[in-house]
Every structure is written in C-alpha cells, then in structure tokens.
Amino acid sequence: MQVRVLVRLKPGVLDPQGRAVHHALEGMGFEGVADVRVGRLLELDLADGTDEAIIRQMCEKLLANTVIERFTIEGVN
Amino acid sequence: MAFRAAVITFPGSNCDRDMATGLEAVSGQPAIRVWHGDADLPSGLDLIALPGGFSYGDYLRSGAMAATSPVMRAVIAAAERGVPVLGVCNGFQVLTEARLLPGALLRNAGQRFVCRTVALTVENASSPFTAGYAAGETIRIPVAHHDGNYYADAETLDMLEGEGRVAFRYAESCNGSARDIAGVLSANGRVLGMMPHPERAIEPAAHASLGGADGRRLFESVLASFATA
C-alpha cells in the first residue's frame, strides 16, 4: 500500500525558506502572493494492511518533529 | 582515577577531532573515540561529547537520523544515569531530536550560514559545564551553523528560564533564536546543548579572530566537577 505523509511546520513557526520563495515569486513579478510555507512530502510503500497507528508512530518518532511540525497521513490506494 | 571522556563520531561529523583535541588539551587524557554504529559505550565515562558537523548529511532534519543511531540509545541510557553529556552545534541538534533537551533548532532566521565569533552571556554558572564562569559574564565563542535558530513554545521557554536552564544567551541577535538562547541544560543540569563551539576556543590564539580561549573553562568546569565527585 502506498501512503503519503505530508509534514508541515506548525502555524506560527517561522519558515525562512517559505519566506525566501515568497520573495522570489514577488521578484519574478507574480502578484497577490500572500504567504508561502514549504513542507515535505514522504511517499511510503508499506506492507498491505499496515495499521494507521503504526504509521502515526513512524511520523511521531522520526518523519516529523512534533515540537515544530505537524503531519497528515493520506492513503493513496 | 583518570578522566574518561568519549567523543561520538557520526557519518558526517566534522568537529569530532577538534572536540577530542580540546578535551585532551584540558584533561591530559586521551579522548575515547566511539563510532555511531556501536551499540555500547565504554564503561565508566565521565563525559560524552556529541560533536558538530552534518551527521547523515542533515537528511530529513539536522540531527534527526543521528538521534536514531545505535549509539544514541546508549547515550540516552547514560544520560539517564547522570553521565554528563555535551552536544555542540550538530550535537545540540541531535540532543533535541533525541528529546534529551527540549525545543528544536530551525533554519537561521536570516537564511544564511553564520560563521563568526560571537559574544555570549553566561546565564547559568552553576552547572557542571559552566561552574568555571561567572553568572552574567560575557565570553566570546565561535559559531558556525545554518540551523541554529532555537525554537520552543512560550510555555517551554518560560519553564527553561524559570528553572535556570538557559546556560548561554547571545549578547546580540545571531540567528533568530527565541529569547537569544544559545545553550540549554537538562532538568538535572547534566546535559548541555549549545550552538557555539567551545572546542574551537581552547587556547589563546595569535590573532583574536582565531577563537580565543573562553571555551577552555567549559571543559575545565567538567573536569573540576569530576575531581570533586
């Protein structure tokens, strides 16, 4: 089974990378960009039937640092 | 009894030799070098040092992969027994990822790698690492990092300050760190993580830009606490 984990900085945590991308877009002439946040997408190929609780443990123990990041788990098929 | 210090090397560590050299210069004893894949630490350690560098290429997050390495399980167990643990730069990042210290190190607010000698204020002068300094003293220690922007939620920051667990603060803003925090201590004061590099400031240099000697007292403090233990 394919699972996607989307890891994002929590709201309120400064994202210098997102800010740099934001400034670059404005510098290129794109208008109306209010904010940009950069996150991380992980695609996991797991044994069929892997329990969501196990995937959550993977996220909490390694894939995300829950001090600064939040994550969402999305089943692809 | 001779002072026994171990320096851990992860793939991508690059300050491990400096750390060992600094420890040896101060203690007169050879530092024991330990590889990340070792599941056991040498017995009877008086200090474990996690050096700077870019462990595992900083993949995923700085320090995240190193925090899961076999040797870190032994380091966490040793810290729980009260063995002093010092993490410098990437070593600090590893300690936060391993949850031995609260908070996290984010990308510098200015987005740039910062490499210069900075002024620090000693906030806590009573830990095994900082007893050789005076509280409120200003010292100069080099920094060299991209991810040194200390972050913790307001509640955690208040707790750290209330319990005297901020060891060092940048005398002027360096990387966007919350409350200019440069180094933090564990609740029992026996784990210290700091972004500046005391091991690069061990001997008076011919030129002031080459580090200076303000880092030496950190290692002397550990040695003194060992001697009186």
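All chains are named by letter (A, B, ...) in the order of the sequence lines, taking the proteins before the strands, and each is independently numbered beginning at 1. Keep in mind that this is a model prediction, so the values were computed, not measured.
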Cross-chain donor-acceptor list, chain B and chain A, 3.5 Å limit, no angles:
{"residue": "B/L60", "atom": "O", "partner": "A/R40", "partner atom": "NH2", "Å": "2.5"}
{"residue": "B/R61", "atom": "NH1", "partner": "A/L62", "partner atom": "O", "Å": "3.0"}
{"residue": "B/R61", "atom": "NH1", "partner": "A/L63", "partner atom": "O", "Å": "3.0"}
{"residue": "B/R61", "atom": "NH2", "partner": "A/L62", "partner atom": "O", "Å": "2.8"}
{"residue": "B/E97", "atom": "OE2", "partner": "A/N65", "partner atom": "ND2", "Å": "3.2"}
{"residue": "B/A109", "atom": "O", "partner": "A/R19", "partner atom": "NH2", "Å": "3.0"}

### Query
Taking all atoms of both residues into account, what is the closest heavy-atom pair of B/L106 and A/L14, and its distance?
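So the two residues come closest at CD1-O, 4.3 Å.
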### Max heavy-atom pair count under 4.5 Å with chain A, selected residue of B/A109, B/G176, B/G110, B/A64
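So the answer, after comparing B/A109, B/G176, B/G110, B/A64, is B/A109.
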